[in-house]
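I have placed the structure first, in the form of structure tokens, so that the comments after it can refer back to it.
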Amino acid sequence: MKLSESLRTHHLTLSFEVFPPKTDVGFSSVRDAALEIASLSPLFMSVTYGAGGNGSKFTFGLCEEIEKASHVPTLAHLTCVNQTRDAIQRSLDELHTRGIHNIMALRGDIPDGDTHTGDFAHARDLIAYIKASSYDFCIGAACYPEIHPESLDRKDDIRFLKEKVDAGCDFLTTQMFFDNALLFHFLYRIREAGIQVPVFPGIMPITSAKQVERALTLSHSFMPTRFKNLVDHFGTHPAAMKQAGIAYATDQIIDLYASGIENIHVYTMNKPDVAAAICHNVSDILGASI
Ligand SMILES: Cc1cc2nc3c(=O)[nH]c(=O)nc-3n(C[C@H](O)[C@H](O)[C@H](O)COP(=O)(O)OP(=O)(O)OC[C@H]3O[C@@H](n4cnc5c(N)ncnc54)[C@H](O)[C@@H]3O)c2cc1C
């Protein structure tokens, strides 16, 4: 099912992101985790594409398995960094053949020490290509409440985001953030710039001290004092850190929903227990017309 047909829900919905394995060996355990997460009935599941610039041969297959086994719609990520038009066309053909209707169209990170070659300079070009193809995909794209790390200027970042949306994007998902005020400010700025598509805030439950550094390096997100205190206090106690991180993410979700945002995307890091704990924490809110 195309996600654009189910975006206005009028109640809280969660969607979940998983990442595929790097090798065949890991496939069955990732699939099992993904299916367990899908059993929580999210609005959709997204599957990342070779984060870090490497392609992924498992993304589309994992999407297909999730859709067939759980009937939850999937969103297949696709990056265009260092890709030719022919390679992208083959990916679109494969997605169509596998019955996947939704694509998260990304440029991808440029690998360290590399230069970006290929036929698509920016995600905008990939979106335009998908839109002009013979297939009718629903297209999502990424956005950055704290601006993209390569951007020097917020105005330019939003101007390029508008171009990306105008190229044919149906919705946006945000980079993780740990202070909801940053998201509200960003939404105000992009609405003012004429960007009207739905925006899914991306929430990352931080469940270990080790995860903090990696998440902040990847996202360049601001770490609020409240969050820093939590890591300082619980970081050396794994079970307490996990519980506190889930509570923090839940608090963000409840605040977003109470502020009028219905569809929230959760970066699960392939952890069914974390996704389930969040669902449990909002069980009386999920799906209710409040
Ligand atoms: C929700 C989400 C999901 C992600 N999933 C993945 C994944 O599965 N796999 C993966 O490898 N990475 C993933 N990423 C990371 C993403 O690939 C990187 O952040 C990447 O560096 C930028 O991708 P983009 O699609 O946002 O690029 P773009 O939209 O192309 O933007 C990249 C930079 O170029 C600038 N720019 C855009 N258009 C122009 C223009 N016309 N002229 C000049 N500058 C311009 C932008 O302002 C920005 O600074 C994800 C990120 C998010 C937020």
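Values in this document were obtained by computation on a predicted structure and should not be read as measured data. If you read the sequence from its start, that first residue is 1, and numbering goes on from there.
In this structure, the separation between OG1 on Thr59 and CD on Glu64 is 13.0 Å, given to the nearest 0.5 Å. The OG1 atom of Thr250 sits 12.5 Å away from the CG atom of Asp255 when rounded to the nearest 0.5 Å. Atom CG of residue Leu14 and atom CG of residue Leu40 lie 9.5 Å apart, to the nearest 0.5 angstrom. Distance check: His96 NE2 to Ile103 CD1 gives 11.5 Å after rounding to the nearest 0.5 Å. Residue Ile130 holds its CD1 atom at 10.0 Å from SG of Cys169, rounded to the nearest 0.5 Å. The structure places CG of Leu183 at 8.0 Å from CZ of Phe186, a figure rounded to the nearest 0.5 Å.
The heavy-atom pair separating Leu62 from Arg31 by the smallest distance is CD1-CA, 3.8 Å. Between Ala141 and Ile127 the shortest heavy-atom distance is CB-CD1, 3.9 Å. For the residue pair Cys138 and Ser4, the shortest heavy atom distance occurs at SG-N, 3.5 Å. When all heavy atoms are compared, the tightest approach of Ala240 to Phe234 is CB-CD2, 3.8 Å. In terms of heavy atoms, Leu230 sits closest to Gly245 at CD2-N, 4.4 Å. The two residues Ala38 and Ile66 have their closest heavy-atom pair at CB-CG2, 4.1 Å.
No side-chain donor-acceptor contact under 3.5 Å links Ser219 to the backbone of Met176. The backbone N or O of Pro224 sits nowhere less than 3.5 Å from a side-chain atom of Asp179 that would complete a donor-acceptor pair. In this structure, the side chain of Asn270 does not engage the main chain of Val18 through any donor-acceptor pair within 3.5 Å. Side-chain N or O atoms of Tyr248 include one that pairs as donor or acceptor with a backbone N or O of Phe178 at under 3.5 Å. Checked by atom type and distance alone, the side chain of Thr268 pairs as donor or acceptor with a backbone atom of Glu17 at under 3.5 Å. Formation of a donor-acceptor pair under 3.5 Å by the Glu262 side chain with backbone atoms of His10 is found in this model. Within the 3.5 Å criterion, the main-chain N or O of Pro205 finds a donor-acceptor partner in the side chain of Gln211. The main-chain N or O of Phe60 is never found under 3.5 Å from a side-chain atom of Glu65 such that the two would form a donor-acceptor pair.
Remark: Arg154 does not engage Asp157 in a salt bridge, criterion side-chain N to carboxylate O under 4.0 Å. The existence of a salt bridge linking Asp166 and Lys131 is excluded, since no basic side-chain nitrogen approaches an acidic carboxylate oxygen closer than 4.0 Å. The pair Arg107-Asp125 does not meet the salt-bridge criterion, since no charged nitrogen lies less than 4.0 angstrom from a carboxylate oxygen. Using a cutoff of 4.0 Å between basic side-chain nitrogens and carboxylate oxygens, Glu94 and Arg98 are scored as salt-bridged. A salt bridge between Asp232 and Lys228 is present, with a side-chain N of the basic residue lying under 4.0 Å from a carboxylate O of the acidic one. A salt bridge does not link Asp170 to Lys2: none of the charged nitrogens lies less than 4.0 Å from a carboxylate oxygen.
Under the 3.5 Å distance criterion, with hydrogens and angles disregarded, a donor-acceptor pair is assigned to the side chains of Thr13 and Asn263. Between the side chains of Tyr135 and Asp93, at least one donor-acceptor pair of N or O atoms lies under 3.5 Å. Between the side chains of Thr173 and His265, no donor N or O sits under 3.5 Å from an acceptor N or O. At a cut-off of 3.5 Å, with distance as the only test, a side-chain donor of Thr74 or Glu67 sits close to an acceptor on the other residue. Defined by atom type and a distance below 3.5 Å, a donor-acceptor pair is present between the side-chain atoms of Lys271 and Thr207.
Within 6.0 Å of CZ in Arg214 there are 12 or fewer heavy atoms belonging to other residues, nucleotides or ligands. Within a 6.0 Å sphere centred on CD of Glu192, other residues, nucleotides and ligands contribute more than 12 heavy atoms. Under a cut-off of 6.0 angstrom, the local environment of CG in Asp284 is sparse, with at most 12 non-hydrogen atoms contributed by other residues, nucleotides or ligands. With a 6.0 Å radius and a threshold of 12 heavy atoms from other residues, nucleotides or ligands, His233 has its NE2 atom at or below the threshold.
A 4.5 Å side-chain heavy-atom check between Ile246 and Gln243 finds every atom pair outside the cut-off. Within the 4.5 Å cutoff, the side chain of Pro201 has heavy atoms near those of the Ile261 side chain. Contact annotation: the side chain of Gln83 never approaches that of Asp119 to less than 4.5 Å [non-hydrogen atoms, C-beta and beyond]. Within the 4.5 Å cutoff, no side-chain heavy atoms of Val81 are placed close to those of Phe120. Considering only heavy atoms from C-beta on, Val212 comes within 4.5 Å of Met223 through its side chain. Between Cys80 and Ile88, the closest side-chain pair of non-hydrogen atoms falls below 4.5 Å. In this structure the side chain of His220 never reaches within 4.5 angstrom of the side chain of Gln175, judged on heavy atoms. A 4.5 Å side-chain heavy-atom check between Ile195 and Leu172 finds at least one atom pair inside the cut-off.
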Note to self: If you apply the rule side-chain contact (heavy atoms from CB on, under 4.5 Å), what do you find for Leu3 with Phe171, and how did you get there?
What the structure shows: CA-CA 9 Å; Leu3 297 181; Phe171 66 90; 4.0 Å; yes
Checklist line | Working for side-chain contact (heavy atoms from CB on, under 4.5 Å), residues Asp251 and Arg226 | finding: CA-CA 12 Å; Asp251 190 45; Arg226 195 162 74 88; 3.1 Å; yes
Notebook entry, point to check: Going through the checks in order, is the side-chain contact (heavy atoms from CB on, under 4.5 Å) test met by Met104 and Leu78?
Noted result: CA-CA 6 Å; Met104 183 73 175; Leu78 177 64; over 6 Å; no
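By the criterion of side-chain heavy atoms lying less than 4.5 angstrom apart, applied directly or through intervening Ile, Leu, Val, Met, Phe, Trp or Tyr residues, Met204 is not grouped with Val282; the two fall into different hydrophobic clusters. Hydrophobic cluster membership is shared by Ile190 and Val165, with clusters built from Ile, Leu, Val, Met, Phe, Trp and Tyr side chains linked at under 4.5 angstrom. Placement of Val47 and Leu35 within a single hydrophobic cluster is found when ILVMFWY residues are connected by side-chain heavy-atom separations under 4.5 Å, directly or transitively. Phe19 and Ile100 are members of different hydrophobic clusters when ILVMFWY side chains are connected at heavy-atom separations under 4.5 Å. Residues Ile206 and Val266 do not share a hydrophobic cluster, defined by chaining ILVMFWY side chains whose heavy atoms lie under 4.5 Å apart.
Between Phe27 and Phe58, the two ring planes are tilted [angle within 30° to 60°]. In this structure, Phe160 and His122 have parallel ring planes: the angle between them is below the 30° cut-off, well short of the 60° mark.
Less than 6.0 angstrom separates the ring centroid of Phe44 from the ring centroid of Phe200.
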